[in-house]
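Down below is the structure, laid out as structure tokens.
Throughout, numbering of the chain's residues begins at 1 and tracks the sequence. Keep in mind that what you see is a predicted model, and the values were worked out from it rather than measured.
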Amino acid sequence: MREAFLAGMRATPILPGLILVSAVAGFGALARAAGASLGQAMFITATVFALPGQVVLLEELARGATLTVAAAGVALTAVRLLPMAVVIAPYLRGSSLPRSFEYLGSHWIAVTLWVEGLRTLPGLPAEARLPYFLGSAVVLWAVAILTTGLGHIASGSLPGLVAAALMYLMPIYFMLSLLSAAKGSRMDLVALGIGLLGGPALHAIVPGFDLLLTGLVGGTLAYLVGRGSPR
């Protein structure tokens with residue numbers, strides 16, 4: 001168990017980790033520009049650990065929204081994590097660790113660890129999967145918190161446009177990873193295509209609901225295409 005945890009720490013993905021570091025550094029800079037203190041910026045990263053939710057929370061608080069409204073906005077952005085958690089949860093079972101550790105692992109199911117988890121966990125023994133995942137998660141989580149602080153401190157020399165550009169590295173990495181993992185699957189390719197084309201169009205028509213509608217429409221059509229594909 002301990003060996004699997006340490007193996008997960010040592011195997012923390014380098015490229016996704018660097019992208020995550022760049023993105024959260026950009027968030028730290030934006031947090032300072034929005035008036036958040038160093039401690040507040042790092043606390044947001046530690047508790048939310050998902051850039052879209054972090055940005056929404058920061059934006060709502062900067063606008064003077066109540067905590068209830070800000071929490072509702074974060075919850076809406078987190079809806080996308082539910083199917084991700086459902087997909088990866090079976091790979092986190094089979095360990096002798098208490099069930100509470102599975103709940104802890106669910107806190108870290110975000111883009112980077114989800115993609116890497118689907119890539120690495122199936123090839124591991126069932127007993128080692130959860131501690132391995134937690135090992136990688138602890139490292140990335142700690143690095144994300146630290147880098148948020150460094151981005152906040154260095155924001156005086158980091159232009160706002162650069163900080164925003166750094167945050168876009170994460171969705172670009174996520175999209176390319178999904179495209180690589182699709183491996184010719186018609187259903188996956190349809191979902192990606194609708195997301196790429198429909199997202200900007202729906203943003204122009206119904207801003208604020210574009211992400212939700214793109215996922216709903218794209219996911220439904222992709223599912224229908226998948227059901228109609230020959231097996």
Item to check | Residues which pass side chain to side chain contact (heavy atoms under 4.5 Å, CB included) with Pro125, listed by chain and number, not counting sequence neighbours | outcome: Ala128
Checklist entry - What's the shortest heavy-atom distance between Leu61 and Ala70, and which atoms? => result CD2-CB, 4.1 Å
Checklist entry - Other than Leu150, what residues sit in its cluster of Ile, Leu, Val, Met, Phe, Trp and Tyr side chains whose heavy atoms are under 4.5 Å apart, directly or through others? => result Leu146
Next on the checklist: Can you list everything that forms a side chain to side chain contact (heavy atoms under 4.5 Å, CB included) with Leu38? Sequence neighbours excluded, please.
Outcome noted: Met42, His152, Ile153
Item to check | Side-chain touch Trp108/Val138, heavy atoms, less than 4.5 angstrom | outcome: yes
Checklist entry - Could you state the interatomic distance from NE2 (His107) to CG (Leu134), rounded to the nearest 0.5 Å? => result 12.0 Å
Item to check | Contact list for residues 120-129, test side chain to side chain donor-acceptor pair (under 3.5 Å), sequence neighbours left out | outcome: Ser96-Glu127
Next on the checklist: Grouping I, L, V, M, F, W and Y whenever their side-chain heavy atoms are under 4.5 Å apart, do Tyr223 and Leu197 come out in a common cluster?
Outcome noted: no
Item to check | Same cluster (ILVMFWY, side-chain, under 4.5 Å), Val74 and Leu67 | outcome: yes
Please output the side-chain donor-acceptor pairs of residues 214-221 that fall under 3.5 Å, not counting sequence neighbours, one pair per line with the distance.
residue : atom : partner : partner atom : Å
Thr214  : OG1  : Asp210  : O            : 2.6
Thr220  : OG1  : Leu216  : O            : 2.6

Next on the checklist: Using a 6.0 Å cut-off, check whether atom CZ of Phe5 has over 12 heavy atoms from anything other than its own residue.
Outcome noted: yes
Next on the checklist: Considering only residues two or more places apart or on different chains, which pairs with a residue in residues 47-56 satisfy side chain to side chain donor-acceptor pair (under 3.5 Å)?
Outcome noted: Thr45-Gln54
Checklist entry - Residues in side chain to side chain contact (heavy atoms under 4.5 Å, CB included) with Ala46, at least two apart? => result Trp141, Ile145
Item to check | Which atom of Leu58 lies closest to which atom of Ala36, heavy atoms considered | outcome: CD1-CB, 3.9 Å
Item to check | Partner residues of Gln40 under the side-chain hydrogen bond (donor to acceptor under 3.5 Å, both in side chains) criterion, sequence neighbours left out | outcome: Ser37
Next on the checklist: With clusters defined by side-chain heavy atoms of hydrophobic residues (ILVMFWY) lying less than 4.5 Å apart, directly or transitively, does Leu202 cluster with Leu76?
Outcome noted: no
Checklist entry - Is there any salt bridge (charged side-chain N to carboxylate O under 4.0 Å, His left out) pair reaching into residues 45-59, and which pairs are they, with sequence neighbours excluded? => result Glu59-Arg63
Checklist entry - What closest approach, in Å, do Phe133 and Leu113 show between heavy atoms, and which atom pair accounts for it? => result CE1-O, 3.8 Å
Item to check | Atom pair CZ (Phe101) and OG (Ser106), whose distance is rounded to the nearest 0.5 Å | outcome: 13.0 Å
Item to check | Criterion side-chain contact (heavy atoms from CB on, under 4.5 Å) against Tyr132, the qualifying member of Leu92, Leu124, Leu6 | outcome: Leu124
Item to check | Contact summary for Phe49 and Ala144, nearest pair of heavy atoms | outcome: CE1-CB, 3.9 Å
Next on the checklist: Taking side chain to side chain contact (heavy atoms under 4.5 Å, CB included) as the definition, give me every residue that meets it alongside Glu102, ordered by chain and number, with sequence neighbours left out.
Outcome noted: Arg93, Arg99, Leu130
Checklist entry - What are the two closest non-hydrogen atoms of Pro131 and Ala4, and how far apart are they? => result CG-CB, 3.8 Å
Checklist outcome for this item: Under a side-chain separation threshold of 4.5 Å, the hydrophobic residues clustered together with Leu82 are Val86
